[in-house]
Amino acid sequence: MLKRANKSVVPEIYKHLTRIKAAYQAVPKSGLSVEQVSKREATGQINVCKNPNSTSVGTIIWRNVFNVFNIVNFLLAFFILWAASYDIAYLKNGLFMGVVLSNLLIALSQELKAKRILDKLSILLNLNVTVIRDGKAKEISSDKLLVNDIFQVKSGLQLPVDGIVVESQGLTVDESLLTGESVAVTKQAHDYIFAGSNCTGGSALVQACLVGKDSFANQITLQAKKVKGEKSELRLGLSRLIAILASLILPLGLILFYKNYLQNIDLAKNLVLTVATVIGMIPEGLILLSEVAFAVATMKLAKVDCLVQHVSAVEMLARTDVLCLDKTGTITTGAMQLIELVPLEIPQQLATFDLAALTKYLLISNDSDNQTAKALLKAWSKIDCRQVEAKLGQAIMKQPFNSARKYQALKFALGTFYIGATEFIYLNQAIPASLTQKISTYSQAAYRVLLVAYKPNATSEIVPLALLLLTDEIRQTAKQTFDYFRKQGVDIKIISGDNPETLSAISKQAGLVENAKYIDLSKLSKVADYTKLVNEYQLFGRVSPAQKECLVEALQATGHVVTMTGDGVNDVPALKKADCAVAMRSGSDACRKSADLVLLNNDFAVLIQAVYEGRRVINNIKLVASLFLNKTIYASLMAVFYLFSRKLYPLYPIQLTLLSTLTIGIPGFCLTLKANKERLTGHFWRDVLSSAGLTATVSLILLVSAELLLTGNAFYIKWRQIYILLSLAAPAFALLVYKAQPLDKLKLGLAITLGLAFSLAIIYLPNLFSLPVLNLFDIMYCGLWFSLVYLLTRFVLKLMPIFTKYLS
C-alpha cells in the first residue's frame with residue numbers, strides 16, 4: 001500500500017501525487033521483461049522530453065520567413081508586380097526583394113547550423129542510470145527510462161523521473177528545487193520521489209511512474225524559463241522598434257497612396273511610389289542580422305565547449321558588472337585530497353582503535369559516496385578496517401551526510417560517531433576554545449577541516465577525536481580569469497557553503513584579492529540587511545540556498561547586472577534569479593536545465609571568450625543599428641513631409657535599394673561578424689538613435705530646403721532625384737565611417753570599395769536606377785556636392801556627445 005507523500009511539498013506537487021499513484025503498477029524487483037519493454041517503447045512511454053532550450057526547425061523557419069517585415073516586403077513585391085503589369089519598366093523596382101531573400105537565406109542557414117551544433121552538445125548532458133530489466137542491471141541513458149522501470153539511485157544522482165521508492169537504504173533527497181526547502185528528506189519504501197530532486201545520501205531502488213513531459217521536473221523547468229523572461233536590452237529594444245514601425249508604416253503608406261490618387265497619379269506609378277515610401281521606413285535586415293550575430297556567437301562558443309541555452313545570455317554576460325562564483329567546481333576542480341589526519345582526544349574506550357581505520361569504517365558503514373568520502377577512502381585504500389568492524393559491529397542508526405545537516409552520524413552500541421563540519425556537530429553545545437583555535441589555524445592555511453567526533457551513549461558531551469585536513473585543487477586558469485574580470489571593472493563575489501576562513505585562504509591562493517573581507521552567513525539573523533552585506537563583503541561562507549538568492553536580489557536591487565555560476569541543486573534558486581546563469585557540466589541536471597550557459601569542460605575561464613562574443617554582438621549591432629535607423633528615420637520624416645506637400649515622393653524603390661545595399665546591407669553584414677573586444681560604453685539605444693537622428697536630420701534639412709527654395713528651377717527639376725539621392729548617400733557614408741572607428745585596413749577598404757561601387761552605379765548604370773545620364777561636368781558637380789555633404793555630416797556627428805548628454 002502506498003504511503004502519503006511528505007507534507008512539506010508545495011500544494012501543486014501534492015496535487016501531482018494522484019497522477020503518480022495512477023501510473024503505478026506492481027513490478028517485481030527483477031524489473032520489466034523484454035516483452036514489457038517492447039510494449040512501452042512502442043506506445044511512447046519513454047522518458048523523452050522536448051528540449052526546452054532547443055528551437056525546432058519549423059519554428060526557426062516560421063520566425064524568419066513570416067515576421068512582420070517580411071510579410072510587408074512580400075506584399076510590396078506583389079504591388080510592384082501589379083504595377084509592372086501596366087508598364088514592364090517598373091519591374092526593376094522589385095530588386096529590393098533580392099536583399100530581403102539574401103538576408104533570409106543567410107539567417108536561416110546560420111540559425112539552423114547553430115541548432116545542429118547545440119543539439120549535438122545537448123546530448124552530452126544526458127545522465128546515465130542503472131536500470132534493472134529481466135533481473136539484470138545495465139547502464140542506460142536517462143532519456144531511455146520507461147514507465148514502471150526499476151532503477152538504482154545513489155548519492156549525487158539527479159532523479160530523472162517521478163516515481164516510488166521500492167527499497168531504501170538510508171536514502172535522503174534534497175527537494176529544494178521543488179519545495180524551496182533545503183532540508184533533506186529521508187525516503188523509505190513506498191514513499192514518493194520527484195524528478196529534479198537530488199539524492200544527497202544513501203541508496204535505493206526506485207520505480208519510474210511519470211516520465212518525459214509528464215514528470216513534474218519538466219513542467220517546473222519549462223515554467224522557470226517562462227518566469228525568467230527576456231532581460232536583453234538589445235532584443236527588447238528591437239521588439240519595441242518593430243511594434244512602433246508596424247503601427248506607422250502601413251498607415252503612412254495608405255495615406256500617401258490616397259493623396260497621390262487625389263492628384264490623379266496613374267495607378268502603376270502610384271503603386272511604385274507608395275512602395276518606395278514604405279521600403280524606406282523598413283529597417284530590412286536589422287532583425288535578421290542581429291539573429292545571425294547571436295547564432296554565430298553560439299557556434300563560436302560551442303567550439304570552446306560552452307553550450308548556450310538562451311542566446312540573450314551572451315549579451316547579459318557582456319553587460320555583467322558583478323560575477324558571483326561558487327568555490328567548489330568553479331575556483332577549484334571539485335577534487336579533494338586528504339593531507340593529514342590530526343589526532344585530538346582519545347577516550348579510554350577507544351584507545352585500541354586506529355583512527356584512520358575507524359574513520360574509514362564509519363564512511364563505509366554509512367555508504368558515503370560524495371567527493372569528500374571518495375577522497376578519504378582513496379587515501380586509506382590499503383588500510384584494513386576489519387578489526388574495527390569486529391569491535392563496533394553493525395550500526396544501530398544511520399544519518400547520511402546532506403547539505404543541510406553538513407555532517408553524518410552513526411550510532412553503535414559503543415556510542416554515536418560524527419564526521420562533518422564542527423559548528424554543526426556542536427550545534428547545541430559550546431565548541432572548546434582549543435578546538436576552535438586549531439580549526440581556525442588550519443582554515444587560514446587553506447585547508448578544508450572536518451571533525452571526527454564521538455558521543456558515548458551514557459552522556460551528551462561530544463568528544464573530538466581527530467581533524468581531517470583536506471585541500472581543494474585550484475584550477476590553473478583561476479588566477480588569469482580573476483585578473484581579466486578585475487581589469488574589466490567586474491566585481492567578484494565568492495558565495496559558498498564552506499567555512500569562510502577556508503574560503504578566504506583558497507581565494508588568496510587563486511589570486512582573487514589579498515585581503516578580501518569575508519562573513520559567515522550561518523550566524524546571520526533572519527532580518528539581515530543584504531544590500532549592506534553585498535556592498536561590504538566579497539566572500540560569503542556557510543551560505544544557504546535561500547541566502548544565495550537574497551544576495552543576488554540585493555545586488556540587482558542596487559542596479560547591478562549579475563552573473564551567477566553554480567553546479568549544485570542548492571544553486572538553482574539563485575541561478576534562476578540571476579541575469580545570466582552559468583552551470584557546470586559536472587553539476588546537477590536541474591542546475592544545468594536552469595542555466596543560460598553550460599560549461600561542458602567545467603572551466604569558468606571560458607567566460608572570457610563568452611564576454612568577447614557578447615561584446616562583438618552588442619558593439620557591432622550598435623554600429624549596424626545606427627545605419628539602419630538612419631534610413632528609417634529620414635524615410636519616415638520624408639513620408640510625413642510629402643504627406644503635406646503637393647510634390648510627389650522623389651525616389652523609386654530601385655534607387656533606395658542601391659542606397660540600402662551599399663550603405664547598410666553589405667557593410668552591415670561584414671561588420672556584424674567582425675571581432676570586437678571593446679568594452680561596452682554608453683547606452684545602446686540612446687547612442688544609436690542620437691547618431692542616426694543627427695545624420696537623418698542633415699539629409700532632411702537638405703531635402704526640405706531644396707524642395708521649398710528651388711521649386712520651379714529648371715536645373716533643379718532635372719537634377720532633383722540625383723540631388724536627393726546624393727544628399728542621402730553622403731550622410732549615410734559619413735555615418736558608416738564614423739561608427740566604424742577606429743578604422744583598420746578592412747574597414748577602410750570596405751568603405752572605399754562601397755563608395756566606388758556607388759559612383760560607378762550612378763555613372764554607368766543610370767537607366768537601371770532611373771537616374772539622368774551624367775557628362776564629365778555633371779560628375780564633377782556630383783562629386784563636389786557629395787564631398788560637401790559628407791564633411792558637413794562628419795562635423796555634425798562630432799557634436800554627438802553634446803546631443804547624447806542632452807538626451808540623458
Side-chain angles (χ1 to χ4, degrees), residues 252-253 255-260 262-265 269-270 272-274 276-281 629-656 658-660 663 690-735 738 758-759 762-763 766 769-800 803:
L252 271 176
I255 294 171
L256 281 170
F257 179 84
Y258 183 67
K259 175 210 163 191
N260 292 340
L262 293 178
Q263 291 182 300
N264 295 318
I265 304 299
K269 187 173 183 178
N270 195 356
V272 172
L273 293 179
T274 301
T277 305
V278 175
I279 283 178
M281 291 187 284
L629 294 186
N630 166 51
K631 186 196 77 165
T632 296
I633 292 171
Y634 74 61
S636 301
L637 295 174
M638 280 176 63
V640 173
F641 173 74
Y642 284 105
L643 182 63
F644 297 100
S645 170
R646 293 186 60 83
K647 291 182 174 292
L648 293 177
Y649 194 84
L651 299 177
Y652 287 111
I654 186 66
Q655 295 161 351
L656 289 170
L658 172 66
L659 191 63
S660 297
T663 64
S690 58
S691 58
L694 282 174
T695 309
T697 300
V698 172
S699 298
L700 186 69
I701 290 173
L702 294 173
L703 169 72
V704 174
S705 300
E707 291 286 37
L708 295 179
L709 299 177
L710 302 178
T711 299
N713 186 301
F715 180 76
Y716 175 68
I717 293 172
K718 175 186 175 183
W719 280 83
R720 180 172 180 249
Q721 282 188 325
I722 198 163
Y723 169 85
I724 291 174
L725 187 64
L726 291 173
S727 299
L728 298 178
F733 276 108
L735 178 63
Y738 174 80
F758 179 78
S759 302
I762 62 175
I763 294 172
F769 296 105
S770 301
L771 294 170
V773 177
L774 304 177
N775 57 37
L776 183 60
F777 175 80
D778 296 333
I779 294 171
M780 292 174 61
Y781 171 79
C782 288
L784 178 63
W785 179 247
F786 182 94
S787 300
L788 289 173
V789 176
Y790 178 87
L791 293 174
L792 173 64
T793 309
R794 289 298 305 271
F795 172 75
V796 171
L797 286 171
K798 286 185 178 181
L799 303 176
M800 198 183 84
F803 188 61

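Index from 1, following the sequence.
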Identify, with sequence neighbours excluded, every residue that meets side chain to side chain contact (heavy atoms under 4.5 Å, CB included) alongside Leu726. Ile722, Phe758, Ile762, Cys782, Trp785, Phe786
Heavy-atom nearest pair, Thr663 first then Leu659, reads OG1-O, 2.5 Å
Using atom types as modelled and distance alone, determine if a side-chain donor or acceptor of Ser645 lies under 3.5 Å from a backbone N or O of Phe641. no
Salt bridge (Lys or Arg N to Asp or Glu O under 4.0 Å) with Arg794: which residues, sequence neighbours excluded? none
With rounding to the nearest 0.5 Å, note down the distance linking OH in Tyr649 to CD1 in Ile265. 15.5 Å
State the CG-CD1 distance between Leu629 and Ile633, to the nearest 0.5 angstrom. 5.5 Å
Going from CG on Leu771 to CG on Leu658, what distance comes out if it is rounded to the nearest 0.5 angstrom? 8.0 Å
Pro650 and Gln655, any side-chain heavy atoms less than 4.5 Å apart: no
Would Leu774 and Trp719 count as a side chain to side chain contact (heavy atoms under 4.5 Å, CB included) if you check the C-alpha gap in whole Å, the side-chain angles of each, and the deciding distance to 0.1 Å? CA-CA 10 Å; Leu774 304 177; Trp719 280 83; 3.7 Å; yes
Is it the case that more than 12 heavy atoms not belonging to Tyr258 sit under 6.0 Å from its OH atom? no
Can you tell me how far the OG1 atom of Thr793 sits from the CG atom of Leu788, to the nearest 0.5 Å? 10.5 Å
Locate the shortest heavy-atom distance separating Pro766 from Val773; write the atom from each residue and the value. CG-CG2, 4.1 Å
Separation between CG (Leu710) and CZ (Arg720), nearest 0.5 Å, reads 11.5 Å
Evaluate the side-chain proximity of Leu735 to Ser691: yes if any heavy-atom separation is below 4.5 Å, no if none is. yes
Heavy-atom donor-acceptor pair, Ser727 side chain to Ser699 backbone, under 3.5 Å: no
Evaluate Leu703 against Met638 for side chain to side chain contact (heavy atoms under 4.5 Å, CB included), listing each step before the verdict. CA-CA 8 Å; Leu703 169 72; Met638 280 176 63; 3.3 Å; yes
Examine the side chains of Glu707 and Tyr642 and answer whether a donor and an acceptor come within less than 3.5 Å of each other. yes
Is Lys798 atom NZ crowded by more than 12 heavy atoms from other residues, nucleotides or ligands, each under 6.0 Å away? no
Heavy-atom side-chain proximity of Ile654 to Ser770 below 4.5 angstrom: yes
So do the side chains of Thr277 and Leu252 get within less than 4.5 Å of each other, counting heavy atoms only? no
List the steps, then state whether side chain to side chain contact (heavy atoms under 4.5 Å, CB included) holds for Asp778 with Asn775. CA-CA 5 Å; Asp778 296 333; Asn775 57 37; 3.0 Å; yes
Within the structure provided, determine whether Leu273 and Tyr652 are in side-chain contact (heavy-atom separation under 4.5 Å). yes
Could you give the distance from CG (Leu648) to NZ (Lys259), rounded to the nearest 0.5 Å? 6.5 Å
Side chains of Leu728 and Ile724: closer than 4.5 Å at any heavy-atom pair? yes
Leu797 versus Ala734, closest heavy-atom pair with distance: CD1-O, 4.0 Å
Validation row: Leu702, Tyr723 side chains within 4.5 angstrom (heavy atoms): yes
